[in-house]
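Taking it in order: structure first as structure tokens, then the write-up.
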Amino acid sequence: IGQMEKQGLAMKNIITIILSLLLTASCTQDSIYMHYALRAAGKNKSELKAVLRHYRTIDKDPEKLRAAKYLIANMPAQYSYRDTAAINSYYSKALEILGTGPSPDWQRDTLRQIGDREYAGLTRNIIPDVEVITADYLIYSIDRAFHEWRTKPWSRHLTYNEFQEWILPYKVTELQSFDAWRDTLPAHYTDSISTVPPDDVQRNSISGAIEIVRNEIHSKQSAIGHRVMWEDRGSIPMRSAATWVRMTYGSCLDYVTMGTAVFRSLGLPAAVDQVPSWGRNSEGHSWYVFLSDRGREEPTINSLIIGAGMPFYTNERIPKVWRTTYTINRDMVKYRNTAKYVYPFDLCQKDVTDHYTRTSDLEIETDKEQTAKLTDKKYVYIAMAVNSGGPQWRVLDLGTLKRGKAHFKNMGREMLYIALGYDGRKLIPISQPFILHKNGAVEYIDNSDDSNAKNISMDLRRKYYESFNVVDMRRRLLGGKIQCSDRPDFKDAVTLYTIERTDIPYLIELDADRPYRYWRYLTPDGSWGSISELSFHDENGNKLEGRGIANSEAGQDAIDRAYDGNLLSNFEINQPDGNWVGMDMGKPAVVRYASVSPRSDDNDICPGNEYELYCFDGQGWRSLGYQVAAGNTIHYDGIPLNTLLWLRNYTRGNNERPFIIREELNLEWW
């Protein structure tokens, strides 16, 4: 929890004092907030007042004046780099490197080294936009936004409120440059849409136009060799129009932010939504959403790669979805200025969880002893379990504590949660972990009293739930055979074992009548070969060496992948039937055991890996024992039923999830 508390604090602290001015207002009208934003602007107030004067006296457009007031009123929560010379220098170097060198990975690593070496601390040195934005830039942005809204055939029907939320803001993301992005991006990404006839149905609809533009963005990004990166931190993010059009790498958030800027520059209503963590995953995701002609919000699924209209992650569990907005979340402002402890929530985000899934407002029972320890008796937090160097609780949202109960709003169902509170040093559990079921029922997982728990013995086979693909690949083993022969074509093959269960042992015991030179795994028809690893062993379990062989349709690369020790590489053939992979021992050999590993996500128990089983005791995770796996299962005695458990792998991998073993010995993943 401590690690999560610290994230993002430095980035937002600079505007806390400015935002505190907003609390002194006695009403919440934008005009009052604009008044305090002008005060917060300090010496830059004259620039903001010049914008208002322009739309009162020169361009007497009441909607533009309304837009200017809205932008100024919410500007204290927007921020930019303080050192504009430094960030512009960095972007110049980035433009020299992007599209050069051997790969996007090399470009990313090179720019990261430059950033760390020459621009350390740049992203922490920020300043509120109200103190630096110019009148000319704000007027330019407002005028261009209105021009696109009022002239483009796909957006003229939008109401002012829709335009304000989805198109108007002068920036799409924090730290975005004050450049001519509303001109630069359309100039680069309108080749396709400009060739569509003005009266074409596709060009006259938001859905049609946004798909034309998305496809062009993806095509041009592919042409310069872009790559979406997931695995680690990147360099200083690209936040200028010039770098966006040359961007060859980035996270999903980077790409959908760039895409949203392109869409808005063309008057297409788009926004960025994100889930901080999927319901059974430590990772989150970002995507763009647009407003269709029918007034429906249409989410996409995978950055800019897949076309709009694909079903949105129908099987993912969703705890919370936040939309990046320009509008300040007034409730967050109040929280930041009245809480005794401030978690670094984004001040410009909107909870849209109920736009994606069924949600519930919760009233959660809390532990009296734990709540008595709290120094902040008003605000509490709801969290989910994630793997961050071991099991941790990741905060998703805040709530309030009233009469001994924790209240939370708009939480996604079919999720495991816990309520936390601040004790003056850190966030601590104040409730039992609880499951919010699909029907809205709340089930508490009572881990506080082990003396009454029923304990069982069990073999554990995985540390992470099985996806559809994992189950499907395991089923592809059914009917597979271990065979031996004196001939390389196996015409006199002897079948020693047929796989009839998906939970096959790590070492399959064989009983051949004599030594044989050729040994193989014959894959069942319809399986496309599909295994990860194959090995043969002597009577002591030692791995035997030989030359990998397979049916003639298999290439050497496929054969090598069956013996490379990597559970994430696979033997697979481009035909469903008649496949096999095996080993030529060079001379007749006695094989006592064989091992066949299905294609998988590498979350099965792996021999030689170090594991530790934990249970949650109400306040923390308590060890139930450390083991080194000897096979593809590990055995534990004294496992409590109906208790939150977690199996750690210290050797490798990041995918781990909490689970519960129920009375029927069913293992339930959360």
Side-chain angles (χ1 to χ4, degrees), residues 55 59-67 71 139-172 179-224 241-242 244-247 255-272 287-310 326:
Y55 290 118
D59 185 356
K60 299 179 181 180
D61 186 323
E63 284 189 323
K64 288 184 179 180
L65 179 61
R66 180 182 175 186
L71 293 173
I139 290 170
Y140 152 79
S141 184
I142 292 171
D143 287 348
R144 290 296 299 142
F146 270 85
H147 174 77
E148 296 302 311
W149 172 38
R150 290 171 173 173
T151 62
K152 290 297 188 288
W154 47 76
S155 59
R156 286 194 295 253
H157 68 283
L158 296 175
T159 67
Y160 173 83
N161 287 337
E162 291 169 339
F163 160 74
Q164 176 179 281
E165 180 176 356
W166 295 84
I167 299 174
L168 171 64
Y170 60 87
K171 65 194 315 183
V172 177
D179 58 18
W181 63 277
R182 291 193 188 272
D183 292 306
T184 302
L185 298 178
H188 190 77
Y189 289 117
T190 56
D191 293 344
S192 297
I193 204 166
S194 64
T195 63
V196 178
D199 59 350
D200 188 275
V201 173
Q202 188 176 19
R203 192 172 185 267
N204 278 287
S205 71
I206 292 174
S207 300
I210 216 163
E211 178 55 20
I212 294 172
V213 176
R214 182 214 61 81
N215 188 61
E216 183 176 355
I217 295 172
H218 178 55
S219 297
K220 289 184 174 178
Q221 290 292 319
S222 297
I224 60 176
W244 271 334
V245 300
R246 295 276 299 278
M247 191 167 65
Y255 275 107
V256 297
T257 298
M258 180 269 286
T260 298
V262 176
F263 298 143
R264 289 186 180 182
S265 73
L266 291 164
L268 289 162
V272 176
W287 59 91
Y288 73 91
V289 57
F290 64 91
L291 195 65
S292 74
D293 294 82
R294 296 172 180 170
R296 291 203 300 254
E297 296 177 5
E298 301 287 350
T300 57
I301 64 172
N302 195 354
S303 63
L304 299 167
I305 298 172
I306 297 176
M310 296 289 288
Y326 182 83

Inset, instruction - Could you tell me the separation between the CD1 atom of Ile210 and the CG atom of Leu268, rounded to the nearest 0.5 Å? - result: 5.0 Å

Legend entry - Polar side-chain atom of Thr300 near backbone of Trp287 as donor-acceptor pair, under 3.5 Å: no

Legend entry - Short side-chain to backbone donor-acceptor contact, Tyr326 and Gln164, under 3.5 Å: no

Legend entry - Partner residues of Glu162 under the salt bridge (Lys or Arg N to Asp or Glu O under 4.0 Å) criterion, sequence neighbours left out: none

Legend entry - Asp59: partners by salt bridge (Lys or Arg N to Asp or Glu O under 4.0 Å), with sequence neighbours left out: Lys64

Inset, instruction - Check side chain to side chain donor-acceptor pair (under 3.5 Å) between Ser141 and all other residues, then give those that pass, not counting sequence neighbours. - result: Arg182

Legend entry - Matching residue for Trp244 among Thr257, Ile217, Thr184 - test: side-chain contact (heavy atoms from CB on, under 4.5 Å): Thr257

Legend entry - Trp149 (side chain) donor-acceptor with Leu158 (main chain) under 3.5 angstrom: yes

Inset, instruction - Would you please name every residue forming a side chain to side chain donor-acceptor pair (under 3.5 Å) with Trp166, sequence neighbours left out? - result: none

Inset, instruction - Kindly state each residue pair satisfying salt bridge (Lys or Arg N to Asp or Glu O under 4.0 Å) with at least one member in residues 259-271, sequence neighbours excluded. - result: none

Inset, instruction - Apply side chain to side chain contact (heavy atoms under 4.5 Å, CB included) to Ile224 and list each qualifying residue two or more places apart in sequence or on a separate chain. - result: Gln221, Thr248

Legend entry - Partner residues of Trp181 under the side chain to side chain donor-acceptor pair (under 3.5 Å) criterion, sequence neighbours left out: Tyr137

Inset, instruction - Report the residues that fulfil salt bridge (Lys or Arg N to Asp or Glu O under 4.0 Å) with Arg294, sequence neighbours left out, ordered by chain and then residue number. - result: none

Legend entry - Pairwise salt bridge (Lys or Arg N to Asp or Glu O under 4.0 Å) hits with a residue in residues 210-222, at least two apart: Asp191-Lys220, Glu211-Arg214, Glu216-Lys220

Legend entry - Partners passing side chain to side chain contact (heavy atoms under 4.5 Å, CB included) against Pro197 (at least two apart in sequence or in another chain): Asp199, Asp200

Inset, instruction - Determine yes or no for a side-chain-to-main-chain donor-acceptor pair under 3.5 angstrom, with Thr190 supplying the side chain and Ala187 the backbone. - result: no

Inset, instruction - Examine the side chains of Tyr255 and Asn302 and answer whether a donor and an acceptor come within less than 3.5 Å of each other. - result: no

Legend entry - Side chain proximity check, Ser303 to Val256, heavy atoms < 4.5 angstrom: yes

Inset, instruction - Quick one: list whatever passes salt bridge (Lys or Arg N to Asp or Glu O under 4.0 Å) with Arg150, sequence neighbours left out. - result: Asp61, Glu63

Legend entry - Heavy-atom closest pair, residues Phe290 and Ser207: CE1-OG, 3.5 Å

Inset, instruction - Nearest 0.5 Å please: distance from the CZ atom of Arg203 over to the OG atom of Ser194. - result: 8.0 Å

Legend entry - Gap between atom CG of Leu71 and atom NZ of Lys171 - 0.5 Å precision: 11.5 Å

Inset, instruction - Could you walk me through whether Tyr140 and Tyr170 pass ring-ring contact (aromatic ring centres under 6.0 Å, His included), step by step? - result: CA-CA 9 Å; Tyr140 152 79; Tyr170 60 87; over 10 Å; no

Legend entry - Separation of Glu165 CD from Tyr160 OH (nearest 0.5 Å): 12.0 Å

Inset, instruction - With sequence neighbours left out, write down each residue that passes side chain to side chain donor-acceptor pair (under 3.5 Å) with Glu148, or none if nothing qualifies. - result: Arg144, Lys152

Legend entry - Step-by-step ring-ring contact (aromatic ring centres under 6.0 Å, His included) determination, Phe263 to Tyr288: CA-CA 10 Å; Phe263 298 143; Tyr288 73 91; 5.1 Å; yes

